[in-house]
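Letters A, B, ... are given to chains in the order of the sequence lines, protein chains preceding strands, and every chain is numbered from 1.
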There are 2 protein chains.
Amino acid sequence: MAGRAGDGVDKRRLILDAAIRVFARKGFHHCRVSDVADEAGVAYGLVYHYFDSKEEILNRLFLERWQLMLDAIVEIDSRREVSARDKLYAVASFIIDSYRHEPELMKVIIVEVTRAANTFGRLHLAKIREAYELIARIVDDARRDGSFKSDISGQFAAMCFYGAIEQLLSAWIFELVPHTEEEFERAKSLVVEAICGGLESEPARGLSTISG
Amino acid sequence: MAGRAGDGVDKRRLILDAAIRVFARKGFHHCRVSDVADEAGVAYGLVYHYFDSKEEILNRLFLERWQLMLDAIVEIDSRREVSARDKLYAVASFIIDSYRHEPELMKVIIVEVTRAANTFGRLHLAKIREAYELIARIVDDARRDGSFKSDISGQFAAMCFYGAIEQLLSAWIFELVPHTEEEFERAKSLVVEAICGGLESEPARGLSTISG
DNA sequence: GTGCCTGTTGACTGACCAGTCGATCAGAGT
DNA sequence: ACTCTGATCGACTGGTCAGTCAACAGGCAC
């Protein structure tokens, strides 16, 4: 519980949620702290009771969600008897579903943090790098067991994979591409197929039954 | 020629070049117009003699360079008897070489425009979309002649391809990865190999001698 | 009741900065 | 010589906004 009024409302959370909506709508740089306070229905000063600065709000939003993703990737990687391709599919699913369920939050994270990492402290870069490394680990395991090519490093592969997904989300965010439920599901398969299987046709890949 | 002093210096260009350095160093939002004027060694007011606003400077920088890239892609696509893979290699080369030769300008374009397209007018989105479409066209031709898979649309493939390259440049920009001459050359091949050939091993692809 | 602590309020301040404007300067044309 | 035009200058203005602060409210301990 927090707050005196016994209304059972966590004002801190209220402010964070309002910030998601405001940052998504107007952009972090183009909105005022008063916009966030108004959206949350609290006094201007209360924002500074809970947060040190406007930027700290953004940091919290990012770290909160990014950590969820890092945890998810670790869990996915720990699954036994699962192919690298299926692990990458699970990672892509997690990210795409995050966007599907909380498009405003993901928009803020991608547009204001991930894709603007220079304007902020190096704090975020370390976290972003962590994601790369976890994905790279999945690929490196597959390189070791021979299912993935050994001449493309895990790090490089992670960049391509994450880059493709981020571009996909950006296309949705900037409305370059429609937001339909089928699109989300199709995109999961397609991105994995494009990155793992490649764009080129596979002329007579012998006996292996890949994707039907 | 421009300017009264007969010094033969184009002040407009001087301001644009100074803006590249300042925007790259401090970020568009975190620098003052006076920083640009100082860097260029001209009076504050002169900036407004040549440009309507701070934002117009950024727009010019972006449009100038982006058009060069669009023209290059059109030229590459027009080459006859060249495989889609080789065309994509040429596109990747153009972009990576742009970064190699003008890292500050590319940093500004990627960080302040491409990756921040929502904060600006829709003007840029249209140009960005144009690039996607040109790349998509290369892929669609290859799908028609059977060299690329038909189940991944040109549009989708273009997103993956461009996304991977942008991520690559971002990694250089944010110094997540070293800037060596060999890295640039390797990256060209690797990105094309990853996207066209895929990450997975090709078990016995007949006669082709890939990576020895 | 008294004192204290946390939550809450919103008016205010101080800094910052994009963009303006009137002045000055130098060459071209007549 | 005179004026017109465009380049060049930089002090100044007007507005914006992040962050501060002094005050107030209600619960809790004693």
Side-chain angles (χ1 to χ4, degrees), chain A residues 1-62 108 112-113 116 119-121 123, chain B residues 1-62 108 112-113 116 119-121 123:
Chain A
M1 292 305 101
R4 63 165 184 245
D7 50 7
V9 178
D10 179 354
K11 295 283 176 78
R12 185 191 163 84
R13 189 73 246 165
L14 212 57
I15 292 168
L16 283 170
D17 290 341
I20 292 172
R21 294 191 295 276
V22 173
F23 291 170
R25 199 184 319 129
K26 308 181 70 167
F28 179 76
H29 288 287
H30 293 73
C31 78
R32 287 161 288 226
V33 173
S34 65
D35 292 333
V36 175
D38 289 350
E39 176 85 19
V42 302
Y44 186 90
L46 196 62
V47 174
Y48 285 91
H49 179 70
Y50 288 109
F51 303 95
D52 288 342
S53 67
K54 186 185 179 188
E55 214 170 290
E56 198 208 335
I57 302 175
L58 183 59
N59 290 347
R60 291 269 169 247
L61 290 174
F62 168 74
V108 170
E112 307 293 348
V113 184
T119 61
F120 290 96
L123 169 73
Chain B
M1 293 306 101
R4 62 166 184 244
D7 49 7
V9 178
D10 180 353
K11 296 285 176 80
R12 185 193 164 84
R13 189 73 247 166
L14 212 57
I15 292 168
L16 283 171
D17 290 341
I20 292 172
R21 293 191 297 275
V22 173
F23 291 170
R25 198 183 320 129
K26 309 181 69 166
F28 179 76
H29 288 286
H30 292 74
C31 77
R32 288 163 287 228
V33 173
S34 65
D35 292 332
V36 174
D38 290 350
E39 176 84 19
V42 302
Y44 187 91
L46 196 63
V47 174
Y48 287 92
H49 179 69
Y50 288 110
F51 303 94
D52 288 341
S53 66
K54 185 184 181 188
E55 213 170 292
E56 199 209 334
I57 301 176
L58 183 59
N59 290 346
R60 291 269 170 247
L61 290 174
F62 167 74
V108 171
E112 308 293 348
V113 184
T119 60
F120 290 96
L123 169 73

So A:V42, base contact, sugar-phosphate only, or nothing? Heavy-atom distance under 4.0 Å.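 Sugar-phosphate: the residue A:V42, judged by heavy atoms under 4.0 Å, touches backbone atoms but no base.
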
About how many Å separate NZ of A:K11 and CD1 of A:I15, when rounded to the nearest 0.5 Å?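 These two atoms lie 8.5 Å from each other.
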
Which nucleotide wins on minimum distance to the side chain of B:Y50, given the candidates D:dA7, D:dA18, D:dG10?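 Comparing D:dA7, D:dA18, D:dG10 against the side chain of B:Y50, the answer is D:dA7.
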
Report the nucleotide, chosen from C:dG7, D:dA18, C:dA18, that has the shortest atom-to-atom distance to any side-chain atom of B:V33.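 Nearest to the side-chain atoms of B:V33, counting from C-beta on, is C:dA18.
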
Counting only side-chain nitrogens and oxygens, does B:Y44 get under 4.0 Å of the OP1 or OP2 atom of C:dC17?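 No, because none of the side-chain N or O atoms of B:Y44 sits under 4.0 Å from OP1 or OP2 of C:dC17.
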
OP1 or OP2 of C:dT8 sitting under 4.0 Å from any side-chain N/O of A:K11?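 Checking A:K11 against C:dT8: at least one side-chain N or O falls below 4.0 Å of OP1 or OP2.
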
Could you state the atom-to-atom distance from [atom1] of [X] to [atom2] of [N] in whole Å?
X     : N      : atom1 : atom2 : value
A:K54 : C:dA15 : NZ    : P     : 20 Å
B:E56 : C:dG19 : CD    : C1'   : 13 Å
A:R12 : C:dT6  : CZ    : P     : 15 Å
A:I15 : D:dA18 : CD1   : P     : 15 Å
B:D10 : D:dG6  : CG    : P     : 17 Å
A:Y48 : C:dC12 : OH    : C1'   : 14 Å
A:H49 : C:dC5  : NE2   : P     : 14 Å
B:L46 : C:dT20 : CG    : P     : 15 Å

Does B:D17 pair with B:R21 as a salt bridge, N-O distance under 4.0 Å?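 Salt bridge flag = no for B:R21 with B:D17.
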
Do you know the tightest heavy-atom contact between B:Y44 and B:A37?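 Smallest heavy-atom distance, with atoms named: CA-CB, 3.8 Å.
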
What class does the angle between the rings of A:H30 and B:H29 fall in, given that below 30° is parallel, 30 to 60° is tilted and above 60° is perpendicular?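 Because their plane-to-plane angle is over 60°, the rings of A:H30 and B:H29 count as perpendicular.
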
